[in-house]
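Written out below as structure tokens is the structure these notes cover.
All values derive from a computational prediction rather than experimental measurement. Throughout, a chain's letter reflects where its sequence line sits, starting with A, and its residues are numbered from 1.
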There are 2 protein chains.
Amino acid sequence: MITGKNYIGNKLSAKGNKTFTTFNPELNQENKSVFTEATTEEINEAVSLATKAYKEYSKISGTKKAAFLNAIADEILALDDVLIKTYCSESGLPEGRATGERGRTVGQLRGFANLIAAGSWVDATIDKGDAAREPQPKPDIRKLNFPLGPVVVFGASNFPLAFSTAGGDTAAALAAGCPVLVKSHPMHAGTGELIATAVIKAAEKTKMPNGVFSNLNSSGIEVGQKLVSNSGVKAVGFTGSIKGGRALYDLAAKREEPIPVFAEMGSINPVVLLPKALQNRAVNIATIYAGSITVGTGQFCTNPGLLLGIKSEGLTTFVHTLSEEIVKINPSVMLHPNIKKGYLNNKEKVVSQKGVSVTANFTEDVKANYAQQAVVTVNGSEFLKNTTLHLEVFGPFSMVVQCENEAELENVIDHLEGQLTGTIIADDNELENHTNIVNALQNRVGRIIFNGVPTGVEVCESMVHGGPYPASTDSRFTAVGVGSIKRWVRPFSYQDWPNNLLPDELKNENPLGILRSIDGKKSTEKIN
Amino acid sequence: MITGKNYIGNKLSAKGNKTFTTFNPELNQENKSVFTEATTEEINEAVSLATKAYKEYSKISGTKKAAFLNAIADEILALDDVLIKTYCSESGLPEGRATGERGRTVGQLRGFANLIAAGSWVDATIDKGDAAREPQPKPDIRKLNFPLGPVVVFGASNFPLAFSTAGGDTAAALAAGCPVLVKSHPMHAGTGELIATAVIKAAEKTKMPNGVFSNLNSSGIEVGQKLVSNSGVKAVGFTGSIKGGRALYDLAAKREEPIPVFAEMGSINPVVLLPKALQNRAVNIATIYAGSITVGTGQFCTNPGLLLGIKSEGLTTFVHTLSEEIVKINPSVMLHPNIKKGYLNNKEKVVSQKGVSVTANFTEDVKANYAQQAVVTVNGSEFLKNTTLHLEVFGPFSMVVQCENEAELENVIDHLEGQLTGTIIADDNELENHTNIVNALQNRVGRIIFNGVPTGVEVCESMVHGGPYPASTDSRFTAVGVGSIKRWVRPFSYQDWPNNLLPDELKNENPLGILRSIDGKKSTEKIN
């Protein structure tokens, strides 16, 4: 049952008088539940509970935290059909996507549970002391990762489960030992409340401190601003637009105590089509890309919004085929009328720029909130001159940049903003002859893909989902994969600390049997 | 021979007309060499060279970079007496400290050389693909650490070698694969130029690209501001005051592309004196601390500026003994007249606050630029009310905060700004009964020390030199130890990349024999 209330720690609360509803884009009508935005008082109470909870939660063993995360996964699965129906009604996304994303969310939680139960993630590092060293005795120093404090998580509009309430950021922060305050996404507040209920149930069942998790409703930007400005908050995770992420980054940087903001923001995910590949299989590539551009109504952060090639017969064939194939695909619904409005505005803005030709445009009428896919072309020289052409058009849209030669192509890549992904489509032995292109692309992206599509982000240890600004606000961290736990911890050293009072990870006996670095060598050994 | 010029890459250059000299605080007179501040044109040229050099340097093998770092160490040692004499003349620090700091600097360079020659630091992580996986094939993804780009390093006033031109930040950034632009510290510009010459010689001998290192003179803040604002610069390392570090942090956060600033700034390094320890050995502890407070004229970033205890006979004895002992120590010279002026101003500011009593004050006349040590006391309640009392008085000064009881002591710790270190002085089995105190201190510091002094920062893998703001601008990283290399790299993923074109660290054959994580397991094995 959706109550429309906030979770201030374990307690449902709705003290405010600002209310809102979510919207079903498929039916083009409001959903029934009415949500109450969190008040300043409720926000402060949630942060205060989180600060108290941190004192206990930061010290809880990996095994106990793992039980909590696994319990969250169990409770999410127990929500069953209600969750899937609410998800679909608040996003327009199909049921298959809902169950798939639930699977991913549960998988992420269990992945982090395994990581912290195993325990080696704390990077335990020990340098043994030497009282006899000259000219001064060498101290015994032992280091491990320690949680930062309460973390605020902003859910994403396009992933109501996997990047929202108990998504990747929340799972990573809870795994690290940080209490989480979720600024619920207004477009799927019902889905958010259901998941929050699952988290609270799991916290109670596994006896986690009250305040380890709160869920705050918001219809606009105020709740988020108040959270980020609150001195009890020690870090922020965000997935969304460049404008939104940058505003939070700026707010956090201006605090008396600035705090890290990890924001995963916009990306147009450039795809470089090398000449031989285009010459040999332009039609095949174009068909694959027509699918990649429109999958999920183009609402993935890794959607290929920019296709780069050198003018040739192959490129012409590619543009022609892509344009033909993409309009054959049935349009699909977007997440929300506002997302559709944004799509139309940004598409219009880009199309109206000098030198832009529309080569594919689905022109038939579509249902309300459905998006009509489009492809445009522009010359490399125009693209270099006009940064409006670099704008992310969030939706089923892509721009083909036609360069005069390889030098211009490299120049275009050099002048791209930072991106989540870069893809190179090449034939056998073709890559070797374009090292400059590969290197230029590497400098602008977080992940480089060979002969594939950027859509699809594998959740694994080796994944980097992030990249140079504005793909993310700090390219030194990833938002996907267990490595994302590093965003929420700081290294901490104990010097000459009594062995029995050290955390288990650093004790001589290595009771957890974890992998440690001892005097520069990795081992699971005890210290005698 | 000191020319007073800048190094713009490998070339000496002095196009400007703003000149300055350094100062010998011991002799209380200016040194002879005249330095020319870098012009905007020279700054831009240096950044442009660094950007070009990055393309090559970011791809150079660990072995070759290691040879470069070792060559820098060799060239620094070859400077011999000239370096030591210049160092002493520009800092007032004694010869023993100069040779000690040179040893540390050389040791840091060789430590990073060993790290990158061994190669495992890149955190190579591989998840093998699986074409047969349902519902979708699993891509092959491989990750490693990749350098951010040109880094600006601001040298510290108090470590002319180990935290300056070729100090820890520079060694870490060069090891990571980032070209370095040093904003030379005006107080030891001659020492800086000598070291820069060593770096340039090493770069030429080991055939590093021109622009991998530049050294820019400055008399004020403009050169640093221009460097941090330059869009070619991708990260900043700084050691110095809170005011200076925060200004650079703010500048970097306001850029169109914000960049990471790792600033190691102020700290008063609280020392908690537990009751039993004070009861049993107040005199002994006080004598040790008299030495720790005055060592290096109190100019270490880990100087114990704050001593916290609960009112008792033991604490009274401690204050009495500390005050007696500290005035017995001969005053020593500070780094620069401006540092002495700052010391006097800050001491005066703190002493004039309500509730502050001076219990030790070296009142005899001292030579110019020499600092007279002092100890003051204040009650816990006053300290909590007045944040001016939390000010770092850079020099041989410490404040004893006398708390009413353990609850007030915990409250005082909870309200401290972030610190580099925290120390607890306790007797056998005493720590166990003060878990709240330990936990509170842990939340405010980067390193916690048992029964020692905070001065002395061991250079080792397990060291954390950093901490919650304002000890550093990003507590997720350390400034000392080989782990500091992480400040200058970002993770980067290759997806389905051809094996022969992967960097050696990620190739199936593991040609470097490094430790890698393969499908979640650490090993040095090849992949078949």
Side-chain angles (χ1 to χ4, degrees), chain A residues 55 59 125-127 136 138-139 141-143 146 148-149 249-250 253 257-258 260 418 431-432 438-439 442-443 446-452 456 458 460-464 466-470 473-478 483 486-487 489-498 501 515 517 520 522, chain B residues 55 59 125-127 136 138-139 141-143 146 148-149 249-250 253 257-258 260 418 431-432 438-439 442-443 446-452 456 458 460-464 466-470 473-478 483 486-487 489-498 501 515 517 520 522:
Chain A
K55 288 210 168 190
K59 299 280 183 177
T125 309
I126 297 171
D127 286 284
Q136 277 171 331
K138 185 176 171 221
I141 306 187
R142 305 183 182 211
K143 178 174 80 168
F146 190 73
L148 288 178
Y249 175 88
D250 288 344
E257 176 196 2
L431 216 49
E432 291 87 322
V438 176
N439 291 348
Q442 180 171 30
N443 287 338
R447 172 169 56 116
I448 200 165
I449 299 149
F450 180 70
N451 276 345
E458 185 73 19
C460 61
E461 200 189 345
S462 54
M463 173 55 67
V464 174
Y469 186 89
T473 43
D474 193 338
S475 69
R476 292 173 299 177
F477 300 92
T478 174
K486 297 287 171 71
R487 293 172 295 169
V489 292
R490 60 184 175 99
F492 182 84
S493 287
Y494 294 86
Q495 182 167 322
D496 292 331
W497 210 252
L501 300 180
L515 190 68
S517 173
K522 300 259 186 196
Chain B
K55 289 209 168 192
K59 300 279 185 180
T125 310
I126 297 172
D127 286 285
Q136 278 172 331
K138 185 177 171 220
I141 306 187
R142 305 184 182 213
K143 178 173 79 169
F146 191 73
L148 288 178
Y249 175 87
D250 288 344
E257 177 196 3
L431 217 49
E432 291 87 323
V438 176
N439 290 349
Q442 180 171 29
N443 287 339
R447 173 169 55 116
I448 200 164
I449 299 148
F450 180 70
N451 276 345
E458 185 73 18
C460 61
E461 201 189 345
S462 55
M463 173 54 67
V464 175
Y469 185 88
T473 43
D474 194 338
S475 69
R476 294 173 298 177
F477 300 92
T478 174
K486 297 285 171 70
R487 294 173 295 168
V489 292
R490 62 185 175 100
F492 182 85
S493 286
Y494 293 86
Q495 181 167 324
D496 292 331
W497 209 252
L501 300 180
L515 189 68
S517 172
K522 300 258 185 195

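- In this structure, A/Phe477 and B/Phe477 have tilted ring planes: the angle between them lies in the 30° to 60° band.
- Heavy atoms closer than 4.5 Å to chain B are found in both the backbone and the side chain of A/Asn443.
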*Under the side-chain contact (heavy atoms from CB on, under 4.5 Å) rule, what do A/Val438 and B/Trp497 come out as? Steps first, then yes or no, please.*
CA-CA 11 Å; A/Val438 176; B/Trp497 209 252; 3.6 Å; yes
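- The most heavy-atom pairs under 4.5 Å with chain B, out of A/Asp127, A/Ile126, A/Thr478, come from A/Asp127.
- Options B/Lys143, B/Arg476, B/Gln136, B/Lys59 differ in how many heavy-atom pairs under 4.5 Å they form with chain A, and the most are formed by B/Arg476.
- By number of non-hydrogen pairs under 4.5 angstrom with chain A, the leading residue of B/Lys486, B/Arg487, B/Arg142 is B/Arg487.
- Both the backbone and the side chain of A/Ile449 come within contact range of chain B, with heavy atoms under 4.5 Å apart.
- A distance of 10.5 Å separates CZ of A/Phe492 from CZ of B/Arg447, quoted to the nearest 0.5 Å.
- Contact of A/Ser517 with chain B is made through the side chain alone, with heavy-atom distances under 4.5 Å.
- With respect to chain A, the highest number of heavy-atom pairs below 4.5 Å among B/Val489, B/Ile141, B/Leu515 belongs to B/Ile141.
- Distance check: B/Asp496 CG to A/Ile448 CD1 gives 12.5 Å after rounding to the nearest 0.5 Å.
- Under a 3.5 Å cut-off, the side chain of A/Ser493 and the backbone N or O of B/Ser462 do form a donor-acceptor pair.
- Ranked by non-hydrogen atom pairs under 4.5 Å with chain B, the options A/Pro258, A/Cys460, A/Ala253, A/Ser475 are led by A/Pro258.
- With B/Thr125 contributing its side chain and A/Glu461 its backbone, the two residues share no donor-acceptor pair below 3.5 Å.
- Of the atoms belonging to A/Pro491, heavy atoms from both backbone and side chain fall under 4.5 Å from chain B.
- Interface summary for chain A: among B/Glu257, B/Gln442, B/Glu458, B/Lys138, the most heavy-atom pairs under 4.5 angstrom belong to B/Gln442.
- Applying the ring-ring contact (aromatic ring centres under 6.0 Å, His included) rule to A/Tyr249 yields no partners; only residues at least two apart in sequence or on another chain are considered.
- When each of A/Asp250, A/Thr473, A/Asn439 is scored by its heavy-atom pairs under 4.5 Å with chain B, the top score falls to A/Asn439.
- The contact between B/Lys522 and chain A is made entirely by side chain atoms (from C-beta outward), counting heavy-atom distances below 4.5 Å.
- Of all the listed residues (A/Gly520, A/Pro498, A/Pro139, A/Pro470), the one sharing the greatest number of non-hydrogen pairs under 4.5 Å with chain B is A/Pro498.
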